[in-house]
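Small disclaimer: the values here were computed from a predicted structure and weren't measured.
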Amino acid sequence: MLKTYKTLNTYVTNALDAAFPEESANAKQHGQVIDPQLGRATKAEFGDFQINGVFALAKIFKQSPRAIAMAISKQLQVNDDFNNICLKPEIAGPGFINLTIKENYLKSEIAAQLNDNRLGVPIVQPQNPKETLKPIVVDFSSPNIAKEMHVGHLRSTIIGDSIARILEFRGYPVLRLNHVGDWGTQFGMLITYLKLVAPHALTTANAIDLGDLVAFYRKAKERFDNDKEFQSSSRNEVVKLQAGDQESLKAWKLLCDQSRKEFQKIYDRLAVKLTERGESFYNQYLKDVVDDLNSAGLLTTDNGAKCVFLEGIIGKGGQSHPVIIQKTDGGFNYSTTDLAAIRYRLSAAPIGDGAHRLIYVTDAGQANHFSGVFQVAKRAKWIPKGCRIEHVPFGLVQGDDGKKLKTRSGATVRLKDLLDEAIDRARHDLEQRLREEGRKEDGHFIEKVATTIGIAAVKYADLSQNRTTNYQFSFNRMLALQGNTAPYLLYALVRIAGINRKGVQYNPSVMELDFKEPQEWNLIRELLKFDEVILEVEEELLPNRLCNYLFELSQVFNRFYDQIPILNTTEPIRTSRLSLCRITSETLKVGLNLLGISTLERM
RNA sequence: GGGGCUGUAGCUCAGUUGGAUAGAGCGACGGUUUCCUAAACCGUAGGCCGUGGGUUCAAGUCCCGCCAGCCCCGCCA
């Protein structure tokens with residue numbers, strides 16, 4: 001009901017001006033904001049929308065809130081267009097004005113939604129029709145080459161994918177960038193070590209698998225920390241690699257390919273699409289970053305390192321806190337790469353992405369880092385007007401003990417194992433239910449349902465939480481059949497699919513929808529909120545708001561389903577109710593799809 | 001020492017630009033099945049919104065202090 005809200009807001013503002021022409025003109029002249037503060041009703045008993053601004057106006061106009069409310073209400077009722085949408089405004093409490101949408105209006109809105117595959121969500125348009133939309137970069141997932149994806153990559157991957165899906169649905173061109181850690185000192189270590197113990201791995205594709213690579217990496221790191229000679233040859237190796245030595249580059253590429261294949265398996269299971277553009281991509285732009293910062297006068301050499309000292313952030317010893325741009329040994333580090341990435345992403349094609357919004361989905365622990373890097377980018381004037389650059393932080397994944405999630409042996413949890421376990425548990429639950437209900441299903445069905453539910457549960461549990469807080473991971477809770485979980489939502493869809501399976505033909509000859517039960521109106525009102533939710537998530541980047549909405553929709557639907565006969569009624573009631581089922585089903589499917597969750601017909 | 005995030009029911013969490021009597025789920029207790037998947041629905045109990053101030057007609061929400069937990073802090077990412 002976005003459009004309805006906007007329309008009503010105009011009517012209410014006009015009514016306010018009409019009721020208090022002098023006062024409002026006078027207040028505006030004095031720079032005071034005259035806002036009726038129209039918002040969604042906080043409770044169903046208050047109707048659909050409420051006007052909250054009367055109290056602030058009471059002060060400005062020096063009149064009682066109730067008197068103002070009465071005057072606005074009176075003016076609203078003079079407007080026939082308003083009367084077509086709303087019932088007579090109710091003045092409640094000390095001076096709230098409650099607006100309730102007329103049933104006829106709701107009926108026409110829901111009828112329009114029935115024939116709209118976007119379910120009322122508008123497609124974004126460029127401000128100037130001659131221009132094309134500028135892309136949005138969503139930077140997420142970002143595992144490190146030569147390491148396995150672990151639970152730490154879960155949230156970034158799932159949340160980033162959902163944000164990207166929502167922006168895509170709105171019509172933005174979205175660049176889903178996987179900023180993989182494919183460069184830096186670790187490769188010097190790894191290549192040096194492999195030269196010693198497994199040289200064939202550096203010349204032959206698929207010679208070792210990722211698990212071995214991870215083990216080699218660990219050993220290389222250990223040796224690096226304890227062996228001076230190894231250290232210097234590792235550093236040498238990095239220099240060779242950065243200088244473009246053919247042999248080193250070939251080895252590096254092989255290692256990257258090996259990791260890439262493993263990452264892709266996970267992304268395929270999660271149905272996540274990403275464009276890989278690792279840190280190495282920005283190598284060629286690092287020098288420009290340094291030069292730019294230097295000519296902007298931002299660079300200071302401190303203890304041999306080239307730094308930008310941050311404004312407003314005091315570090316150790318009361319000194320201004322630095323962002324290190326170039327190390328004493330001439331090497332660059334991640335801040336430099338991130339700065340190069342910002343510059344590239346915001347620059348116009350062909351030497352950049354020409355994006356207008358950059359979204360970084362990483363853990364909250366990097367908040368300081370990003371605020372520092374963003375500050376440097378701003379001061380270097382790399383962020384054009386109208387461009388947004390945002391860190392979208394999320395909390396840690398914790399175990400039941402409230403500490404960082406680990407395996408029983410204390411090791412990091414591999415993402416692959418975590419997904420496997422979710423699916424295994426879903427399968428186990430399903431088989432138990434089949435036994436209890438005496439149902440027989442073939443293996444294919446069981447696999448499909450278990451996989452869908454398992455992955456859905458993992459994703460939904462993560463997304464349904466406000467991302468800023470730490471997140472307590474629990475298989476039991478996420479796979480629970482009741483409550484705000486993926487299985488509950490999927491079940492609502494299955495119920496609708498069950499109705500459709502009864503062989504009932506949807507009867508399009510019924511032109512006029514007819515509703516009379518409160519459960520129907522509740523469902524209609526809920527269905528009409530979808531567009532508002534999507535736009536809110538687009539702005540706030542909080543997918544849990546969408547989850548919350550889908551859960552509430554499922555609850556309202558389940559009440560409707562439970563308390564109102566759908567098939568056992570006469571026309572046009574039956575088709576009207578089937579229409580509600582249809583829109584509910586579409587909304588849940590679209591909504592879950594925006595969360596990256598696939599749905600089922602039976603479960 | 002500095003910085004960031006968090007603190008809401010027994011547990012896990014929502015809480016929209018500050019709005020009316022703070023919400024959900026789980027767990028607990030009680031009820032509902034001639035009907036479309038009961039994996040559901042209905043009801044009961046459960047709160048000093050960490051704490052002390054301040055701003056406001058109005059504060060869980062904004063500002064300041066304090067307490068507790070987690071995370072980060074110069075050449076790793």
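Counted within 6.0 Å of CG on A:Asn226, heavy atoms from surrounding residues, nucleotides or ligands total more than 12; the atom is thus considered enclosed.
Between the side chain of A:Gln50 and the base of B:A20, a donor-acceptor pair under 3.5 Å is found. With hydrogens and angles left out, the side chain of A:Thr468 and the base of B:C5 share no donor-acceptor pair within 3.5 Å. A donor-acceptor contact under 3.5 Å links the side chain of A:Asn98 to the base of B:A20.
Residue A:Arg495 places at least one side-chain N or O closer than 4.0 Å to OP1 or OP2 of B:A38. Close to B:C42, at under 4.0 Å from its OP1 or OP2, lies a side-chain N or O of A:Arg559. Between B:C26 and A:Gln482, no contact under 4.0 Å exists linking OP1 or OP2 to a side-chain N or O. For A:Tyr360, no side-chain nitrogen or oxygen approaches OP1 or OP2 of B:A77 to under 4.0 Å. Within the 4.0 Å cut-off from OP1 or OP2 of B:C41, not a single side-chain nitrogen or oxygen of A:Gln563 is found. At the phosphate of B:A58, neither OP1 nor OP2 sits under 4.0 Å from any side-chain N or O atom of A:Asn52. The phosphate of B:G25 (OP1 or OP2) has a side-chain N or O of A:Gln555 nearer than 4.0 angstrom. Contact between the side-chain N/O atoms of A:Arg467 and the OP1/OP2 oxygens of B:C5 is not found at any separation under 4.0 Å. For A:Asn466, a side-chain nitrogen or oxygen approaches OP1 or OP2 of B:G15 to under 4.0 Å. The shortest distance between the side-chain N/O atoms of A:Thr469 and the OP1/OP2 oxygens of B:U6 is not below 4.0 Å.
In summary, A:Arg155 and A:Asp363 do not engage in a salt bridge, as defined by a charged side-chain N under 4.0 Å from a carboxylate O. Between A:Asp225 and A:Lys221 there is a salt bridge, since a side-chain N of the basic residue sits under 4.0 Å from a carboxylate O of the acidic one.
In the set B:U12, B:U21, B:C36, B:U21 carries the atom at the smallest distance from any side-chain atom of A:Lys43. Comparing B:C36, B:G74, B:C75 by their closest approach to the side chain of A:Lys502 singles out B:C36. Which of B:U12, B:A14, B:C36 sits closest to the side chain of A:Gln472 comes down to B:U12. Checking B:C36, B:C75, B:C41 against the side-chain heavy atoms of A:Ile499 singles out B:C36 as nearest.
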Q) Between A:Arg388 and A:Glu539, does a salt bridge (charged side-chain N to carboxylate O under 4.0 Å, His left out) hold up when you go through it step by step? A) CA-CA 11 Å; A:Arg388 293 166 79 176; A:Glu539 188 55 33; 3.1 Å; yes
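To the nearest angstrom, C1' of B:C75 lies 11 Å from CZ of A:Arg235.
Nucleotide B:C41 forms a Watson-Crick or G-U wobble pair with B:G31, both donor-acceptor distances falling under 3.5 Å. Nucleotide B:G65 forms a Watson-Crick or G-U wobble pair with B:U51, both donor-acceptor distances falling under 3.5 Å. B:G23 is paired with B:C13 under the Watson-Crick or G-U wobble criterion, all donor-acceptor distances under 3.5 Å.
As judged by a 4.0 angstrom heavy-atom cut-off over every strand, A:Phe46 is placed among the base-contacting residues.
The aromatic ring centres of A:Phe20 and A:Phe61 sit less than 6.0 Å apart.
Looking at which nucleotide of RNA chain B each of A:Lys59 and A:Asp329 is closest to, the 5′-most match is held by A:Lys59. The residue among A:Cys307 and A:Leu430 whose nearest nucleotide of RNA chain B is located toward the 5' end is A:Leu430.
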